[in-house]
Novice: 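Sharing a structure with you now.
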Amino acid sequence: MIRLAIQKSGRLSDDSIKLIRECGISFLSASSKLKTEATNFPLEILFLRDDDIPGYVADGVADIGIVGQNVLVEEGLQQLSVKNLGFSKCRLSLAVSKGAEYGDITSLEGKSIATSYPNLLQEYLTSKGVQADIHTISGSVEIAPSIGLADAVCDIVSSGSTLISNGLREVETVFKSEAVLIANQNLDAEKNKLLKQLLFRMEAVQRAQKSKYVVLNAPNDSIPAIKNLLPGIKSPTVIPLAEEGWSSLHSVVNEDDFWEIIQKLKEAGAEGILVVPIEKMIG
Ligand SMILES: Nc1ncnc2c1ncn2[C@@H]1O[C@H](COP(=O)(O)OP(=O)(O)OP(=O)(O)O)[C@@H](O)[C@H]1O
Ligand SMILES: O=P(O)(O)OC[C@H]1O[C@H](OP(=O)(O)OP(=O)(O)O)[C@H](O)[C@@H]1O
Ligand SMILES: [Mg+2]
């Protein structure tokens with residue numbers, strides 16, 4: 001049995017649960033239950049405050065966990081990181097009051113800055129040669145300038161709407177973050193095997209999310225041009241249609257190149273293009 005720690009309730013919770021389920025792992029989750037066992041994989045899930053997850057994994061209370069890089073690096077435990085998961089993307093930024101004068105980072109020399117991330121902030125200020133007075137608070141950081149607690153804040157930003165609602169202006173990016181899978185560094189052979197199985201499934205899920213299955217019809221003389229546009233996993237599948245001189249081509253395209261490829265396919269003579277999501281993709 002391998003023990004996984006995820007956030008109980010917050011910005012990491014839904015996507016962490018979704019990823020585990022997409023790996024084909026089933027479990028019951030009730031909001032009041034802080035520990036559950038999967039029904040079809042030797043996995044126990046602990047639901048915790050995100051700040052506690054790196055420490056629990058480092059100590060071996062949990063074997064693996066899902067946490068934001070911001071929390072992991074703040075706690076000095078980046079060596080536990082195993083895999084970037086691509087969700088809960090955000091940044092740790094410095095912000096000042098909307099009307100405050102700000103030229104560059106040296107404007108914060110001697111000022112007070114409220115944050116929940118004193119280590120990341122100190123490291124950034126040191127790298128810029130700036131000295132400031134760091135006030136560590138555990139939440140509602142964005143309120144600090146308006147109540148006279150600090151001149152600036154250093155907090156998590158995603159859309160930026162929390163900063164705007166609190167009359168603040170983002171001025172520097174201190175750290176970029178996303179969710180990561182972390183693991184204890186002394187897992188026994190059995191747990192290591194389970195971790196490898198989980199990683200294999202996560203990679204299949206991630207690969208599938210980045211790809212689309214494309215089915216199209218084309219006249220046979222367009223096939224060479226279309227083949228060049230659709231490299232697929234090996235090469236596209238070509239199936240003759242009932243209509244003489246026409247074929248159906250099946251392939252996989254990368255999400256990033258998707259619209260550009262679809263445009264070129266049409267220009268090359270493709271018709272009736274179907275684009276289908278892929279659930280799992282094993283290399
Ligand atoms: N607005 C956001 N958009 C995307 N990701 C975010 C956002 N805010 C935070 N995150 C990421 O999600 C993590 C958890 O954020 P959340 O706000 O739920 O934490 P919290 O309030 O400290 O939760 P907990 O109660 O578990 O301590 C953060 O450490 C960060 O990595
Ligand atoms: O740039 P935005 O999209 O507005 O997101 C940023 C906000 O999101 C997080 O808080 P959250 O809403 O998770 O609440 P919390 O303070 O209770 O953690 C973070 O602490 C910011 O306050
Ligand atoms: Mg927290």
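Atoms within a ligand are numbered from 1 in the order they appear, just like the ligands themselves. Just the heavy atoms: all of them, side chains too, but no hydrogens, waters or symmetry mates, feed the values below.
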Novice: Any idea which of Ser13, Ser158, Ser88 brings a heavy atom closest to atom 5 (N) of ligand 1?
Specialist: Ser88
Novice: In this structure, which one of Gln209, Gln206, Lys280 forms a side-chain hydrogen bond (donor to acceptor under 3.5 Å, both in side chains) with Glu22?
Specialist: Gln209
Novice: Check contact between Gly160 and ligand 2, using heavy atoms of the residue and a distance below 4.0 angstrom.
Specialist: yes
Novice: When clusters are formed by joining ILVMFWY residues with side-chain heavy atoms under 4.5 Å apart, either directly or through shared neighbours, do Leu19 and Val67 land in the same one?
Specialist: no
Novice: Counting only heavy atoms not in Glu44, do more than 12 sit closer than 6.0 Å to its CD atom?
Specialist: yes
Novice: Looking only at protein heavy atoms, which one is nearest to atom 6 (C) of ligand 2, and what is the separation?
Specialist: Ile156 O, 3.4 Å
Novice: Considering both backbone and side-chain atoms of Asp50, is one of its nitrogen or oxygen atoms within less than 3.5 Å of a nitrogen or oxygen in ligand 1?
Specialist: yes
Novice: Does Lys8 approach ligand 1 within less than 4.0 angstrom via side chain, backbone, both or neither, non-hydrogen atoms only?
Specialist: neither
Novice: Relative to each other, are the rings of Phe27 and Phe47 parallel, tilted or perpendicular (30° and 60° limits)?
Specialist: tilted
Novice: Could you identify the single nearest non-hydrogen protein atom to atom 20 (O) of ligand 2 and state the distance to 0.1 Å?
Specialist: Asp155 OD2, 3.8 Å
Novice: Evaluating non-hydrogen atoms only, which member of Glu170, Arg11, Glu142 is closest to atom 8 (O) of ligand 2?
Specialist: Arg11
Novice: Can you tell me the N, O or S atom of Asp50 that's nearest the Mg ion (ligand 3)?
Specialist: OD1
Novice: I'd like to know if Lys266 pairs up with Glu271 as an ion pair, taking the criterion as any Lys NZ or Arg NE/NH1/NH2 lying under 4.0 Å from an Asp or Glu carboxylate oxygen.
Specialist: no
Novice: So which protein heavy atom does atom 11 (C) of ligand 1 come closest to, and at what separation?
Specialist: Cys90 SG, 3.8 Å
Novice: Thinking salt bridges, do Arg3 and Asp63 make one under a 4.0 Å N-O criterion?
Specialist: no
Novice: Answer yes if a protein heavy atom lies under 4.0 Å from atom 14 (O) of ligand 2, otherwise answer no.
Specialist: no
Novice: Starting at SG of Cys154, measure out to CZ of Phe175 and round the result to the nearest 0.5 Å.
Specialist: 11.0 Å
Novice: In the complex you have, is atom 21 (O) of ligand 1 within reach of the protein, judged by whether a heavy-atom distance drops under 4.0 Å?
Specialist: no
Novice: So how far is it from Ile6 CD1 to Ser16 OG, rounded to the nearest 0.5 Å?
Specialist: 5.5 Å
Novice: Work out whether the distance between some heavy atom of Gly139 and some atom of ligand 2 is less than 4.0 Å.
Specialist: no
Novice: Can you confirm whether some protein heavy atom lies under 4.0 Å from atom 18 (O) of ligand 2, or whether none does?
Specialist: no
Novice: Short list, please: which atoms of ligand 1 are under 4.0 Å from a heavy atom of Lys89?
Specialist: 4 (C), 5 (N)
Novice: Distance to 0.1 Å, residue and atom name: give those for the protein heavy atom nearest to atom 4 (O) of ligand 2.
Specialist: Thr162 OG1, 2.5 Å
Novice: Where is the tightest heavy-atom contact between Ile53 and Gly65, given as atom of each residue plus distance?
Specialist: CG2-CA, 4.1 Å
Novice: Quickly, which of Val253, Val252, Asn254 forms a side chain to side chain contact (heavy atoms under 4.5 Å, CB included) with Lys212? Name it, please.
Specialist: Val253
Novice: For ligand 1, which atoms sit closer than 4.0 Å to a heavy atom of Val71?
Specialist: 29 (O)
Novice: Determine the sole option in Val82, Val57, Ile66 for which the side chain to side chain contact (heavy atoms under 4.5 Å, CB included) test with Ile182 is passed.
Specialist: Val57
Novice: Take Ile113 and Asp133 through the side-chain contact (heavy atoms from CB on, under 4.5 Å) test and state the conclusion after the steps.
Specialist: CA-CA 6 Å; Ile113 310 173; Asp133 182 14; over 6 Å; no
Novice: Can you list the atoms of ligand 1 that are under 4.0 Å from a heavy atom of Gly10?
Specialist: 18 (O)
Novice: Please work out, at 4.0 Å between heavy atoms, whether the side chain, the backbone, both, or neither of Arg11 comes within that distance of ligand 1.
Specialist: both
Novice: Quick one: look up the protein heavy atom nearest atom 2 (P) of ligand 2 and list residue, atom name and how far away it is.
Specialist: Ser159 OG, 3.4 Å
Novice: Quick one: nearest non-hydrogen protein atom to atom 27 (O) of ligand 1, plus distance?
Specialist: Arg49 NE, 2.6 Å
Novice: For ligand 1, which atoms, with element, lie under 4.0 Å from some heavy atom of Ile156?
Specialist: 7 (C), 8 (N), 9 (C)
Novice: Which ligand 2 atoms does Val157 reach within 4.0 Å, using its non-hydrogen atoms?
Specialist: 1 (O)
Novice: Among the N, O or S atoms of Asp51, which one sits nearest to the Mg ion (ligand 3)?
Specialist: OD1
Novice: I'd like to know if Lys128 pairs up with Glu172 as an ion pair, taking the criterion as any Lys NZ or Arg NE/NH1/NH2 lying under 4.0 Å from an Asp or Glu carboxylate oxygen.
Specialist: no
Novice: Which ligand 1 atoms are under 4.0 Å away from a heavy-atom of Gly68?
Specialist: 31 (O)
